[in-house]
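What follows is a single structure, written as structure tokens, with notes after it.
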Amino acid sequence: MAFGIRLQEKTKALDQERKRTVFLLHQMLPVSVAKRLLNAGSVPPENYESVTIYFSDIVGFTMMSSRSSPMQVVAMLNQIYEEFDDKVESYDVYKVETIGDAYMVASGLPERNGNCHCSEIAKLALDLQNSVAGIKIAHLPDTQLQLRIGINSGPCVAGVVGHKMPRYCLFGDTVNTASRMESHGLPGWIHISQPTNCLLSATGGFKMSMRGEIEVKGKGVMTTYWLEGLILPEHNNMQSSS
């Protein structure tokens, strides 16, 4: 009898540990990727023909950090990214990672969604840009938060890297160019590449303007654009009736 009870206790403990492992993997990796990793033990890298990548950083973060204690910096980032994470849940996107004040999101992977990836990221970018203005930092009450956002679309490879702390990583020039769109952007603006502009133009419903040709580090001269907002249905109706 005692042996049977101990066996039940050990089985229960193993089951709880397995559930914790699954939960942690689902926090670190996309759910579909985590399931494949648990079932097969490995996930081969996968090529994606078309995805859209978002990068943003917080304008003036270094200066804000210099006016904050380390604990305040952690609390500030946690407050901002909790707000961002809530917004992400409303779109067909995957939050790839945060590094300091940098925030990276992708759409079109690991689950392909046709050409919707570009419009999903564009709508998220506009949402985050609008919402960040309403975030108030307790120890910096006079600071107005702004984002510098960059977006690019194109092919990439995605895969799980590492065993002890596995990460779902994206590779390819599309990722690098998205990062360049962010670093060469301006505070409060959403800077997009020509491929992203083409996809959004084909989708419709977005207002863009040409920035023009700029010298981009490691890429040479590129023609880039600004994503300015959504075109409201009322505006479309007014145009069609005139």
Side-chain angles (χ1 to χ4, degrees), residues 23 26-34 51-61 64 73-138 140 143-153 156 158 167-168 170 174-175 178-179 181-183 185-193 196-197 199-200 203-208 225-233:
F23 175 78
H26 286 180
Q27 301 304 304
M28 299 165 65
L29 303 171
V31 173
S32 61
V33 174
V51 302
T52 298
I53 312 293
Y54 163 109
F55 279 96
S56 68
D57 73 344
I58 300 167
V59 178
F61 180 74
M64 285 188 282
V73 171
V74 172
M76 174 171 60
L77 285 175
N78 193 50
Q79 179 186 352
I80 294 168
Y81 289 150
E82 279 187 357
E83 175 80 16
F84 285 14
D85 290 350
D86 287 343
K87 296 291 184 184
V88 163
E89 292 297 321
S90 300
Y91 300 92
D92 184 13
V93 302
Y94 174 68
K95 174 187 170 184
V96 181
E97 63 180 354
T98 57
I99 302 175
D101 66 316
Y103 197 82
M104 180 183 180
V105 181
S107 183
L109 55 81
E111 307 301 330
R112 293 171 175 82
N113 56 5
N115 285 328
C116 295
H117 54 84
C118 195
S119 58
E120 287 295 301
I121 288 289
K123 287 184 288 186
L124 171 66
L126 291 166
D127 198 356
L128 293 181
Q129 186 189 54
N130 291 330
S131 66
V132 75
I135 299 175
K136 301 300 178 185
I137 306 302
L140 298 172
T143 299
Q144 179 66 61
L145 293 178
Q146 279 188 309
L147 293 178
R148 181 170 33 240
I149 299 173
I151 302 174
N152 181 44
S153 305
C156 83
R167 289 177 54 209
Y168 188 66
L170 313 185
T174 297
V175 181
S179 178
M181 290 298 99
E182 180 271 313
S183 61
L186 295 175
W189 288 81
I190 302 173
H191 191 205
I192 65 175
S193 66
T196 298
N197 182 73
L199 285 174
L200 291 179
T203 301
F206 295 92
K207 182 182 179 183
M208 287 87 68
Y225 301 79
W226 302 117
L227 170 60
E228 297 182 350
L230 295 169
I231 298 175
L232 301 177

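Atom CG of residue D101 and atom CD1 of residue I80 lie 8.5 Å apart, to the nearest 0.5 angstrom. To the nearest 0.5 Å, atom CD1 of residue I231 and atom CZ of residue F206 are 9.0 Å apart. Note: C116 SG to Y91 OH = 14.0 Å, rounded to the nearest 0.5 Å. Between I121 atom CD1 and Y94 atom OH the span is 13.0 Å, to the nearest 0.5 Å. Taking OG1 from T196 and CG from L227, the interatomic distance works out to 9.5 Å, rounded to the nearest 0.5 Å. Separation of atoms CG (N152) and OG1 (T52) is listed at 8.0 Å; rounding is to 0.5 Å.
Remark: Q146 engages no residue in a side chain to side chain donor-acceptor pair (under 3.5 Å) (not counting sequence neighbours). Listed by chain and residue number, nothing satisfies the side chain to side chain donor-acceptor pair (under 3.5 Å) test with Q144 (two or more places apart in sequence, or in another chain). Legend: residues meeting salt bridge (charged side-chain N to carboxylate O under 4.0 Å, His left out) with E97, ordered by chain and number and at least two apart, are R167. Residues passing the side chain to side chain donor-acceptor pair (under 3.5 Å) test with N113 are D92, S107, sequence neighbours excluded. Every residue meeting the salt bridge (charged side-chain N to carboxylate O under 4.0 Å, His left out) condition with K95, not counting sequence neighbours, appears here in chain and number order: D85.
By the 6.0 Å contact criterion, NZ on K207 is open, its count of non-hydrogen atoms from other residues, nucleotides or ligands being 12 or less.
Identified under the salt bridge (charged side-chain N to carboxylate O under 4.0 Å, His left out) test for residues 125-134, with sequence neighbours left out: K87-D127.
Annotation for A122 and L200: closest pair CB-CD2, 3.8 Å, computed over non-hydrogen atoms. Residues C118 and S153 share a closest heavy-atom pair of SG-OG, 3.7 Å. The two residues E228 and W189 have their closest heavy-atom pair at OE2-CZ3, 4.3 Å. Listed here is the closest heavy atom pair of R148 and V59: N-CG2, 3.9 Å. The shortest heavy-atom contact between Y168 and P110 is OH-CB, 3.4 Å. Between L126 and G229, the shortest heavy-atom contact is CD2-CA, 3.7 Å.
For the side-chain contact (heavy atoms from CB on, under 4.5 Å) test with I151, the passing option among I190, L124, I53, V105 is I190; the others fail.
With hydrogens and angles ignored, the 3.5 Å screen pairs a side-chain donor or acceptor of H191 with a backbone N or O of M181.
You'll find the side chain of F55 reaches within 4.5 Å of the side chain of V175, heavy atoms only. At a threshold of 4.5 Å between non-hydrogen side-chain atoms, the residues V132 and I58 do not count as touching. For the pair I135/Q79, a side-chain contact is recorded, criterion being any heavy-atom separation below 4.5 Å from C-beta on. For the pair M104/L170, a side-chain contact is recorded, criterion being any heavy-atom separation below 4.5 Å from C-beta on. Taking 4.5 Å as the limit, every side-chain heavy atom of L109 sits out of range of all side-chain heavy atoms of E111.
In this structure, Y54 and Y103 have perpendicular ring planes: the angle between them is above 60°, well past the 30° mark.
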